[in-house]
2 protein chains.
Amino acid sequence: MATGRTHRPATRSRGIPEATVARLPLYLRALTALSERSVPTVSSEELAAAAGVNSAKLRKDFSYLGSYGTRGVGYDVEYLVYQISRELGLTQDWPVVIVGIGNLGAALANYGGFASRGFRVAALIDADPAMAGKPVAGIAVQHTDELEHIIESNGVSIGVIATPAGAAQQVCERLVAAGVTSILNFAPTVLTVPDGVDVRKVDLSIELQILAFHEQRKAGEEDGPDSGGPAVAARAAAAVADDRKGPDGDMPAVMPA
Amino acid sequence: MATGRTHRPATRSRGIPEATVARLPLYLRALTALSERSVPTVSSEELAAAAGVNSAKLRKDFSYLGSYGTRGVGYDVEYLVYQISRELGLTQDWPVVIVGIGNLGAALANYGGFASRGFRVAALIDADPAMAGKPVAGIAVQHTDELEHIIESNGVSIGVIATPAGAAQQVCERLVAAGVTSILNFAPTVLTVPDGVDVRKVDLSIELQILAFHEQRKAGEEDGPDSGGPAVAARAAAAVADDRKGPDGDMPAVMPA
DNA sequence: CTATGTGAACCCATTCACAGCT
DNA sequence: AGCTGTGAATGGGTTCACATAG
């Protein structure tokens, strides 16, 4: 085979940093929009703005993929769309199953962003017998009993879990046993999986909690780094009563042993 | 203290690393589960396993909050729940509005994880007049015309956008103008906001794309780092015809200028 | 002269390993 | 003796700034 690169610092051509991989879909989305407007080329500056990152980062990211730009000009939109799609594995069709067809599962089934990016919803699966046969997003829901059969006969390797937290681990194990090796988990629980299986999680309330943290801080920092908001007096008292080094606050009822 | 830097040193006692903040909700979830089982104390090892991180990271994270453990023993569960809740700003009640009551918006409105963590859905807002008055998750949907009034009269500072991409920026601007300073964006588009406004985004299809990348790589690495899958022959030809340095692959139809 | 591609510096995050407290 | 808390070491990711190509 014609690979000239036999021994290399090894962390090269194939080793794209995880942080870069996570941004490729962002670039792809921005490029797709440009493509639909028939824009032929973009500069790193313009594309970075459209994707919400800075241009140095974008150029560095692209440098891991190869030299796909033209100096003095920019990047060819169509060409980049293809290269990034290929890098992400979106030039092939990925059948996915969604397990747990509640509100969220139904929303996912109806979500247009999947189909338009190389993902095909192969089946919707739910444990409730009353759901079986009901059409959601034009697909008849199937019962959990069918899970293994569906995975195997469709060659599904990506599963989406949108069940309640209590059911998630068990569903996960059945998916993995049937051959799934990538899981997107919406249930608010930690999944344990064997080596070789990838799990990504999306927890809706975690994102809100992170926002609340920053929101609280905005309100508290208005007059100096040590103004603790409504509980300043209580804090001062607690600092005397309790020798723990926490920067702020006491506790209403329960104290540690 | 100052190093002639234009921005602030940022590493102060109040400056909890962003990566740590992002994990606090995870710890909180694990601790809440322990609390419900009336477990009085946990070691960093046990709690780390329950949260899906390693124990050194967890101890380091907690060290930014203060010394809340007891050497030789572990952490008091109730005490930690309170300290983390307070740090995240969850001891107060955050009214949030959800804009865009489609499948996803409805799923969010019904999501139990919000209410149980100090968030209160103050209003559901949709642009479709036919939706107005309809109850979703026990709350009557209100029309977009009411947006400013709802934000102001409820003192809402956190907004959730679950509209189609095309409407998101406009909704965002109205939310910000009315006083919202934190936004959780589910629309697949980049939002532009003034300084001082926080945006976090959740893009369902991005997570799947990242999984696809790793999934593809699993399949491709089975027989050597340069086995390119189905397109190997095409690649070799392209390598001759095209002097770009991309590590692999050609393009079906379009070529750059 | 313009905009990419990239070494090098910088900064943040993770991991290690052990001192210090209970 | 056991487990936390944390300096020190390590590793990744981001940013800078400029050589390089068109």
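Letters A, B, ... mirror the listed sequences (proteins, then strands); counts begin at 1.
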Practice prompt. Would you confirm whether Gln209(A), through its side chain, and Leu26(B), through its main-chain N or O, come within 3.5 Å as a donor-acceptor pair?
Written response: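 Pair absent, no side-chain N/O of Gln209(A) close to backbone of Leu26(B).
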Once you round it to whole Å, what is the distance between [atom2] of [N] and [atom1] of [X]?
| X | N | atom1 | atom2 | value |
| --- | --- | --- | --- | --- |
| Phe62(A) | dT14(D) | CZ | P | 14 Å |
| Leu65(A) | dT4(C) | CG | P | 15 Å |
| Asp61(B) | dT15(C) | CG | C1' | 12 Å |
| Tyr79(A) | dT4(C) | OH | C1' | 15 Å |
| Asp76(B) | dT22(C) | CG | P | 16 Å |
| Tyr64(A) | dG12(D) | OH | P | 11 Å |
| Glu18(A) | dT14(C) | CD | C1' | 15 Å |

Fill in: Pairs where residues 191-201 of chain A contributes a residue and the test side chain to side chain donor-acceptor pair (under 3.5 Å) is met, not counting sequence neighbours
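Every side chain to side chain donor-acceptor pair (under 3.5 Å) pair that includes a residue of residues 191-201 of chain A, provided the two are not neighbours, is Arg200(A)-Glu207(B).
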Discussion item. Using heavy-atom distances to pick each residue's nearest nucleotide on DNA chain D, tell me which of Gly72(B) and Val73(A) is more 5'.
Written reply: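 With Val73(A) and Gly72(B) compared, the 5'-side residue is Gly72(B).
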Discussion item. Check this one for me: any side-chain N or O of Tyr75(A) less than 4.0 Å away from OP1 or OP2 of dG5(C)?
Written reply: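 Yes, within the criterion.
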Residues in side-chain contact (heavy atoms from CB on, under 4.5 Å) with [X], at least two apart?
| X | result |
| --- | --- |
| Gln170(A) | none |
| Pro17(B) | Thr20(B), Tyr64(B) |
| Glu45(A) | Ser43(A), Ser55(A) |

Fill in: Nucleotide nearest Ser43(A) when distance is taken to its side chain, options dT6(D), dA13(C), dT4(C)
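My answer, after comparing the listed nucleotides, is dT4(C).
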Worksheet item: Do Arg71(B) side-chain and dT4(D) base share a donor-acceptor contact under 3.5 Å?
Response: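 Yes, the side chain and the base share a sub-3.5 Å donor-acceptor pair.
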Practice prompt. Check the side chains of Glu173(A) and Gln169(A) for a donor-acceptor pair under 3.5 angstrom, ignoring hydrogens and angles.
Written response: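 Yes.
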Worksheet item: Can you name the residues that form a ring pair (Phe, Tyr, Trp, His ring centres under 6.0 Å) with Tyr75(A), not counting sequence neighbours?
Response: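 Once residues adjacent in sequence are excluded, the partners of Tyr75(A) under the ring pair (Phe, Tyr, Trp, His ring centres under 6.0 Å) criterion are Phe62(A).
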Discussion item. Can you list, in residue-number order, the parts of residues 44-60 of chain A that come under 4.0 Å of DNA chain D, counting heavy atoms only?
Written reply: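 Contacting residues: Asn54(A), Lys57(A), Arg59(A), Lys60(A).
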